[in-house]
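Structure first, commentary second.
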Amino acid sequence: MHTVSFTLTRKDVYYFLAAHLKKYPKQYIGLYAITVIFFLFGLWAVYLYKTINYFNAFFLIFSFIYIPVAIQLATNQTYKIVKPNGESKLILKENELEYQTEILSSATYQWKNILDISEHKKVYLLWVTDRTAYIVPRRIFDNDCQAESFYKQALEFYQKAKNPT
């Protein structure tokens, strides 16, 4: 059994959303479409006016900053939901994963029902659905050895449940 306690920060939520964008790009097709539309509209305006002015420059520049701005706005919205939960506790047991918060009651998942476990530079993500993951920030561990121990334990339980041979 491995237990970790932590409070999520806005940066932790940002790292989750950035990882989610990479892992499930099809869910963000609207975001990509708007970006392409802004870029093409800017190019069309350059072609139409045969020069770059404030009007078409705005659309060209905005097309490049739209995705990071959209992710930051989504981070703020998600953090407003996560922040009131206070301190979280994640308990890795051989047969299940248990998540507890100060405010909400606990949730328990069998390892076989976890979709994936992913390791990122700043966080570990335990994917419960294709839109939801439990975020475990690496910053909560005293050193890299403890962080790796947690990740290896979670991965071992996960793989054992997925391949019960």
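On a predicted model such as this, the values are computed, not experimentally measured, just so you know.
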message: Could you report the tightest heavy-atom contact between Val4 and Val136, atom names first, then the distance?
response: CG2-CG1, 4.3 Å
- line: Tightest non-hydrogen contact, residues Lys112 and Ala161, listed as N-CB, 3.6 Å
message: Tell me whether Phe157 shares a hydrophobic cluster with Ile91, the cluster being built from Ile, Leu, Val, Met, Phe, Trp, Tyr side chains joined at under 4.5 Å.
response: no
- prompt: Do Tyr151 and Trp111 share a hydrophobic cluster (ILVMFWY, side-chain heavy atoms under 4.5 Å, transitive)?
  reply: yes
Could you grab the distance from atom [atom1] of [X] to atom [atom2] of [Y], nearest 0.5 Å is fine?
X: Gln100; Y: Thr3; atom1: CD; atom2: OG1; value: 8.5 Å
X: Lys11; Y: Thr9; atom1: NZ; atom2: OG1; value: 7.5 Å
X: Tyr15; Y: Thr75; atom1: OH; atom2: OG1; value: 10.5 Å
X: Leu90; Y: Ile135; atom1: CG; atom2: CD1; value: 11.5 Å

[X]: which residues meet the salt bridge (Lys or Arg N to Asp or Glu O under 4.0 Å) condition with it, sequence neighbours left out?
X: Arg139; value: Asp12
X: Lys93; value: Glu96, Glu98
X: Glu148; value: none

query: Crowded around Asn143 CG? As in, over 12 foreign heavy atoms under 6.0 Å?
result: yes
field: Heavy-atom neighbours of Lys122 NZ exceed 12 at 6.0 Å
entry: no
- request: Kindly say whether Ile114 contributes a backbone atom to a donor-acceptor pair with the side chain of Lys162 at under 3.5 angstrom?
  value: yes
message: I'd like to know if the side chain of Arg138 and the backbone of His120 have a donor-acceptor N/O pair within less than 3.5 Å.
response: yes
message: For His2, give me all partners under ring pair (Phe, Tyr, Trp, His ring centres under 6.0 Å), at least two apart in sequence or on another chain.
response: Phe150
Are [X] and [Y] close enough that some pair of their side-chain heavy atoms sits under 4.5 Å apart?
X: Leu97; Y: Tyr158; value: no
X: Tyr134; Y: Leu8; value: no
X: Tyr124; Y: Leu155; value: no
X: Leu125; Y: Ile117; value: no

Which residues share a side-chain contact (heavy atoms from CB on, under 4.5 Å) with Ser88, sequence neighbours left out: Phe6, Tyr99, Thr101
field: For Asn113, all residues meeting side chain to side chain donor-acceptor pair (under 3.5 Å), sequence neighbours excluded
entry: none
- prompt: Charged N to carboxylate O under 4.0 angstrom, Glu119 versus Lys152?
  reply: no
